[in-house]
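Single-structure report; data block below.
Values in this document were obtained by computation on a predicted structure and should not be read as measured data.
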Amino acid sequence: METKEALIQESLGYILEESLIKEIIHSSQLKTYDVDHTIIQIGDEMRFMPIVLSGSIKVLRENAAGDDLLLYYIEGGDTCAMTLQCCVKNATSEIKAITMEPSSLLMIPIEMMETWMNKYASWRTYILQSYHMRLTELMETVDAIAFMKLDERLLKYLTD
């Protein structure tokens, strides 16, 4: 198994400057999960922002009847836009996040997010790009549901 430092360097080392990487190593926790593990439940208080170092996670919305709607997937080097929003607003989770395969997550304390946003341009860029990517994927999901026939959506799903 790779060390926390090696996983961080592999996933984020090419994006973030070395001084920030050192702070991340010092401030964060590494968590590993098996397949089908629920990492975040609707209503959970967000104390950490997860960054996927390895593996993949599906992010879902759930209705009152317990039916799920897939919003997007996050993989190595990605973070969750919905979690970012909760961290910034100090709100509870509105999504459910479940591992699709064994996964390693870097848990960043939410209090570090604002500090690093002000201190490191690379962190600010990483967060804004992550948010943009997730929002784009979410719009694609809404477009598919609203404008595509079932067979077209199935073909798109299988192709993706």
What verdict does the side-chain contact (heavy atoms from CB on, under 4.5 Å) test give for Gln129 and His132, after you've listed the backbone C-alpha separation in whole Å, the side-chain angles of each residue and the deciding distance to 0.1 Å?
CA-CA 5 Å; Gln129 284 179 341; His132 175 75; 5.5 Å; no
Heavy-atom pair with the smallest gap, counting every atom of [X] and [Y]:
X	Y	result
Pro109	Ser28	CD-CA, 4.4 Å
Ser103	Gly55	OG-CA, 3.5 Å
Trp116	Ser27	CZ2-OG, 3.8 Å
Met49	Thr83	CA-CG2, 4.3 Å
Pro50	Thr79	O-OG1, 2.5 Å
Ile39	Asp44	O-OD2, 4.3 Å

About how many Å separate [atom2] of [Y] and [atom1] of [X], when rounded to the nearest 0.5 Å?
X	Y	atom1	atom2	value
Ile108	Trp123	CD1	CH2	4.5 Å
Tyr72	Leu60	OH	CG	10.0 Å
Glu5	Ile24	CD	CD1	12.0 Å
Leu155	Leu150	CG	CG	11.5 Å
Leu53	Leu30	CG	CG	6.5 Å
Asn63	Ile42	CG	CD1	9.0 Å

Joint cluster assignment, [X] & [Y], ILVMFWY side-chain distance < 4.5 Å:
X	Y	value
Ile15	Ile8	yes
Tyr14	Ile25	yes
Leu20	Ile110	no
Val142	Phe147	no
Ile21	Met113	yes

With heavy-atom distances below 4.5 Å as the criterion, would you say the side chains of Phe48 and Leu105 are in contact?
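Phe48 does not reach Leu105 side chain to side chain.
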What side-chain donor-acceptor pairs closer than 3.5 Å can you find for residues 93-101, not counting sequence neighbours?
{"unit_1": "Ser93", "atom_1": "OG", "unit_2": "Ile95", "atom_2": "N", "d": "3.1"}
{"unit_1": "Ser93", "atom_1": "OG", "unit_2": "Ile95", "atom_2": "O", "d": "2.8"}
{"unit_1": "Lys96", "atom_1": "NZ", "unit_2": "Glu62", "atom_2": "OE2", "d": "2.8"}
{"unit_1": "Lys96", "atom_1": "NZ", "unit_2": "Asp68", "atom_2": "OD1", "d": "3.4"}
{"unit_1": "Thr99", "atom_1": "OG1", "unit_2": "Asp34", "atom_2": "O", "d": "2.5"}
{"unit_1": "Thr99", "atom_1": "OG1", "unit_2": "Asp36", "atom_2": "N", "d": "3.1"}
{"unit_1": "Thr99", "atom_1": "OG1", "unit_2": "His37", "atom_2": "N", "d": "2.9"}
{"unit_1": "Glu101", "atom_1": "OE2", "unit_2": "Ser56", "atom_2": "OG", "d": "2.8"}

Is Lys31 atom NZ crowded by more than 12 heavy atoms from other residues, nucleotides or ligands, each under 6.0 Å away?
no
Whether over 12 other heavy atoms sit under 6.0 Å from Glu114 CD
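Counting other residues, nucleotides and ligands, CD of Glu114 stays at 12 neighbours or fewer.
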If the condition is side chain to side chain donor-acceptor pair (under 3.5 Å), which residues does Lys119 pass it with, not counting sequence neighbours?
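Checked Lys119 against side chain to side chain donor-acceptor pair (under 3.5 Å); matches are Glu23.
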